[in-house]
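Data first, discussion second: the structure below is written as structure tokens.
A, B, ... follow the sequence lines: proteins, then strands. Residue 1 opens every chain. Treat the numbers as computed from the prediction; the structure is a model and nothing was measured. Hydrogens, waters and symmetry mates are skipped; everything else that's a heavy atom, side chains included, is used.
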4 protein chains.
Amino acid sequence: MLKQSFTRPPMGWNSYDNYDTNINEAEFLRSCEVLREKLLPFGWEYAVIDIQWYAANTASMRDRFQYIPFGQVAMDAYGRLQPDPVKFPSSAGGRGFAPIAEKVHAMGLKFGIHIMRGIPRAAAHQHLPVLGAEVTADMVANPSSICGWNPDMYGVRDTPAGQAWYDSIIRQYADWGVDYIKCDDICNTNLYPSHFEAGHEIDMLKRALDKVERDIVLSLSPGPALLEQSWRYCEDANLWRITDDFWDDWKLLKDMFVRCERWQDHVREGCYPDCDMLPLGTIGEMFGNGKRISNLTPEEQRTMLTLWCIFRSPLMLGAKLTGGALDSETLSLLTHEAVLSMNLEGQKARQLFRNDREAAWRSAGPAGDFLALFNLSDEPREVAAPLQSPAALSELWTGASLQAEGEARAALPPHGCALWRVTKL
Amino acid sequence: MLKQSFTRPPMGWNSYDNYDTNINEAEFLRSCEVLREKLLPFGWEYAVIDIQWYAANTASMRDRFQYIPFGQVAMDAYGRLQPDPVKFPSSAGGRGFAPIAEKVHAMGLKFGIHIMRGIPRAAAHQHLPVLGAEVTADMVANPSSICGWNPDMYGVRDTPAGQAWYDSIIRQYADWGVDYIKCDDICNTNLYPSHFEAGHEIDMLKRALDKVERDIVLSLSPGPALLEQSWRYCEDANLWRITDDFWDDWKLLKDMFVRCERWQDHVREGCYPDCDMLPLGTIGEMFGNGKRISNLTPEEQRTMLTLWCIFRSPLMLGAKLTGGALDSETLSLLTHEAVLSMNLEGQKARQLFRNDREAAWRSAGPAGDFLALFNLSDEPREVAAPLQSPAALSELWTGASLQAEGEARAALPPHGCALWRVTKL
Amino acid sequence: MLKQSFTRPPMGWNSYDNYDTNINEAEFLRSCEVLREKLLPFGWEYAVIDIQWYAANTASMRDRFQYIPFGQVAMDAYGRLQPDPVKFPSSAGGRGFAPIAEKVHAMGLKFGIHIMRGIPRAAAHQHLPVLGAEVTADMVANPSSICGWNPDMYGVRDTPAGQAWYDSIIRQYADWGVDYIKCDDICNTNLYPSHFEAGHEIDMLKRALDKVERDIVLSLSPGPALLEQSWRYCEDANLWRITDDFWDDWKLLKDMFVRCERWQDHVREGCYPDCDMLPLGTIGEMFGNGKRISNLTPEEQRTMLTLWCIFRSPLMLGAKLTGGALDSETLSLLTHEAVLSMNLEGQKARQLFRNDREAAWRSAGPAGDFLALFNLSDEPREVAAPLQSPAALSELWTGASLQAEGEARAALPPHGCALWRVTKL
Amino acid sequence: MLKQSFTRPPMGWNSYDNYDTNINEAEFLRSCEVLREKLLPFGWEYAVIDIQWYAANTASMRDRFQYIPFGQVAMDAYGRLQPDPVKFPSSAGGRGFAPIAEKVHAMGLKFGIHIMRGIPRAAAHQHLPVLGAEVTADMVANPSSICGWNPDMYGVRDTPAGQAWYDSIIRQYADWGVDYIKCDDICNTNLYPSHFEAGHEIDMLKRALDKVERDIVLSLSPGPALLEQSWRYCEDANLWRITDDFWDDWKLLKDMFVRCERWQDHVREGCYPDCDMLPLGTIGEMFGNGKRISNLTPEEQRTMLTLWCIFRSPLMLGAKLTGGALDSETLSLLTHEAVLSMNLEGQKARQLFRNDREAAWRSAGPAGDFLALFNLSDEPREVAAPLQSPAALSELWTGASLQAEGEARAALPPHGCALWRVTKL
């Protein structure tokens, strides 16, 4: 059963930004340990294994391919993908991710996985049986429905046999103990520009989730999500990406203000437009070019957290956690309770204005409004927003206090922000 | 001041569908009399004078132009458009629409007018002064911002002088006693495909409205409105067209189901996506091809009303009212209290499903849910929607009652519908 | 070797319009007999086997699929497609189409086949070796490059191994005795709108053809071809489709006037923009809905032939030839020597004018200009074109003669044409 | 009468790149003197006055507008634009540009002017008479057809009165002695994306030109020209811009290789796709930011000249000529006879290959082929093209000679080129 409502956007950690296709069981569990110890107390509860956990030799051709074409994938007799036994030894004997889920749950965390829309190409070409269907995988797969950037799957036809396929995999994931599914190549299927081809597959996922007892969060990728499908995303899923992959680049961060503007009307309980993972700390280690420290400056990092939190985006951390990689500055940013409270408690966030140089947002909180001012320019800049009555302003990041009348004004460094709790005097 | 919230979508009558550019004072006031007598008791309260009330000789070149290029328009010394004194004699002596508004109000009705985005081209070419601005109209008008289908105006620059222009006209309309402004060429400015060029003019209208005491409804045309601007429409205006001009044509009516699907998440108190006027009864009289009775069949008319009401679209009637033109079937349709109550009281309307042959909608009402089934195909067809528990179904149009379990099912004629109030047993 | 220059556009017969995917050896050879006897004397020399000659059971799921997804295809050890041995028994023992080609050549005809761009999906998934390459098919195939409407192939990467693949198949076709290759899914790959993805595969085909001794005509499909690639088509190929599939429908025929207008500058020796096959006589027999007589009226048929011939399109007949299906009216149309001479000898064809109701074309011939007037409207209509000097006009279809000065004028039935040889007096 | 064929692309000088809207009579005639003395002997023969010669006070609001909206323009009683008498004193008394044309002709040069598509907005709003038409300008002008970037004109309707308008202005220009008309806002009217709106105006210009005795070259702007209209450009005009405004920026120069690739099939006698003016020497003086020396490096300048000349683009110089501004390096580039001979004599220029890093072109000349290799990358690079037989290579820019077999290879600096005359050994 799909967990229909949350009191807040999901928070957690995802393996992609650091490990690409190459997270393995040991490293994942070590990451969970750090997550439990350092971040869980602040609400970071999901631990998610990202793309191609089912694929063999994923790092072996990294100079040429992120995803090896026509490579070997682990499947059961019904074409359902299984963890690659080399990367995830505990999956041996058909146990799937159940052993890992059990350990994750024991830590008080929740367990998530990434999946690709559709059915394995290999299953279709091998005419494998589909559990619960009378036809084989070649009749379930649509040979014209592919992912533009990953070679593993075909889209699924809108038929009872297609529904049986999705029922069969969701049943398996529920049995394993999965709490969170990030389904990729389904939110914006950008190979098919004329119309949205995969809407029926989102609906089928929802129906399959309704048939299992387990509460499972459904996250849709990639973005940019389509506004004309907003009603469907909210009906069927819990979060959906409003951007293509977000990385540690000011240009992308600045662009997120445009995206949040467009989606501001669509945040409601259980429905969270998603600004994507937080590329903080150490990232990129397994992408073939060596690891790096996030390119975002401290100002940009605060601007990012402020926007994500006032907009109420899901918060999924991309940073490497193991080996002491989680530095204290990053940790401090991620555990700032006053700021996180806005993500938890804010209501009716609205952009007050935006142009190429500045922006402002306001949302309502239980102890006064939140007001955020942003300097989007590359120069120091004063930014101001009107106040309807004299107010006390308490800066959340710094703790500084002041009183103001008429407007709230801040001198901001390039790409910087101010974030106040506003209480009427 | 903009009237920020309504308890229901506005209802009324508009001159366009029958009179094109040629409504005059006498005919308008006669129409208001019929409106007052026959429809006001059922909530139809706005009477709106549509396009080119300021233009002279509007019918004189109807075989070649709907809008005469570079034709004569009535303006005051500040370039503000005035009613054409031939069509609206009471406007003589600079009284504008005040005398008409007074009579409309005396009938218990509210008075609306149509305006075009921008400033008259004639004012710009004549370098007329702008009330409250230090520059003349040639500096306020943007010569590259035109309407693609009407030759009267230039768009206005996003400057203090531009704001002064909008302030000056809104002040005039408030002084006249205008209750409702339908601003055209502003919701979707389809000559400028790369980006939304007129957003700042919507904002300027809103700011001007905030400066006057009078409550004035703001309606934006034409559609299709842009989903990426939905937040702005709702912030600044009260209703906005989600379709290009709607006429009495099944193809357009069927297409409205697609539009309502996309906008279903955007209906909220004070914010009403608008399906456009109801082309019922006698229409088209002044368009140059003779008048006609609406081409919509009785089934299609009920389908139209049902969709508009469950979706909670504004209801603006296009039918000719004078000379006994309002036939009893049309009148009966427009005064069906059970159906209108859905437009008044419905909440959280959602499309249950839609494909090329059928659709279903549900909304919540104070005395049970509303459930509408539609046959979109050209053949008789049974349409069904699931029921979560055994229920009593009362058909609103016919009054027929039945009990059902598991699903509500109806045998529908082509383009027909069923509309039930559903109460749990 | 690519046949670099022709003295005229190719003429012949193609199996598709009547047989879909289901032409077989016996029926093809019977068709060739009729072609040889009735049409070869007038220049119709190519006999072409169209799509999926390599696929098994092609008609078995015709109610659901034109092309069975993940169906069985005949391949050799190197993944090269072979004729399905059930449909083409003489191909047994690895002889391919060589026995059929030999018989076709013996009749004085030339032999053509249809191929799909790329390498079989089955070869890629099975990691088959590629003749002359060091890597296997999974490294040659691009998993993101598919055909939007046929499930058989993957596109080929722009690498030496990719070139080896194309070399290996062209070598095989040359060895078989193929004279004409119609390569599909390569001229306009409409799944990939952002840029032309398959240009490198056109180049690779050309390079492969340059390496064999045999003269082979290269025809590219489907259309509409892209004007920005016109230089490449002409450099690499002999004909290319300027339209999506053309059928017996006036709307498509009228639309061809737009296409010919755009491509008129691109007809030159050896380079022929292609208006597609002539859907005349009996067609459609194997498409699952029964055969039909062409829906084009006699007037439309003459208009089609006139446009194709003055524009100098290739002429490929789609009509069923066997069993006496080729009626005498169609035969007479196809053997009209005066009209065909225009296709053979015309030079510098130019559209004189075109609007929604009429069009005119002129080209230069050895014995005077050709002038064609077309009535594109649905009513009888007089159409005229200016003459620069007094002239004798000889109507090619009817043989009628007249003299004219100032203009050539004809009273034409709906969709009809006049076609004159113009000689100065 | 339109000068239908040239033996070579036109060469000359244009006022725009240095003077924007502000060239005046004295400065223009001084420029002509330099042109006559330094460049005419090498073929540079046209002297063209660019945009807004009819507009008053053109430089007075340069900080805000390039073209003053609703500004004052000089017209005669029929709405025909006249030179601004302040900038062009000799035009007083209705003499127009005749006195200037006479002086230009006396220097052995040819005289060109820029015009905007359409009829002055002022003429339409004032309902001025149109010479030779029975209706006034308000019926000739199309109020929906504007230029997206210049406020002066309305497009003209496709009617006899519209043709009379174009006849009246072309007759005036012919009477003045104009040899070259650069018509702007007509080649690509980019405000109207759905279809080409101004094609009829190109045809009307052509018809008007056919009615006068004077040979006048017709040049169409702006680009990028539309390939689907190539037949029309060539039928009606002599040159047409294949690019938006070209300036001294490597990015634009590199992009020109894409444009030349697409248009390579369209260069023929009398028909010249136009790469735009050469921004060499001193430019930009009157654009409001001060003058500058061309930002193109010496290597880029040679690359530009090489591409323009092998492609056979028209050559119109943008450099300031007066006051000694024409430096010796620029002059030497513009008078390099061996390179210019390629522009004069080259035939059948073809791109051999192009990718992001390199490109090669070949054309046929009377004394051997021309072969150009380009390094499009930002690093030094060896570029090579195949030779079909052993050949002597003579570098045109440097005069260096060598012999080569199999391929011609050059080590090129970033953005540099080699240009050889190739003669078989």
Looking only at heavy atoms, what is the nearest atom pair of [X] and [Y], with distance?
X	Y	answer
Pro69(C)	Asp138(A)	CG-O, 4.0 Å
Ser144(C)	Gly148(A)	OG-O, 3.0 Å
Phe70(C)	His127(A)	O-NE2, 2.9 Å

More than 12 foreign heavy atoms under 6.0 Å from OH of Tyr78(C): is that the case here?
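No, the 6.0 Å shell around OH holds no more than 12 heavy atoms from other groups.
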Could you look at Tyr67(C) and say if it's the side chain, the backbone, both or neither that has a heavy atom under 4.5 Å from chain A?
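Looking at Tyr67(C), nothing touches chain A.
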If you round to the nearest 0.5 Å, how far is CD of Gln126(C) from NE2 of His125(A)?
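One gets 9.5 Å once the value is rounded to the nearest 0.5 Å.
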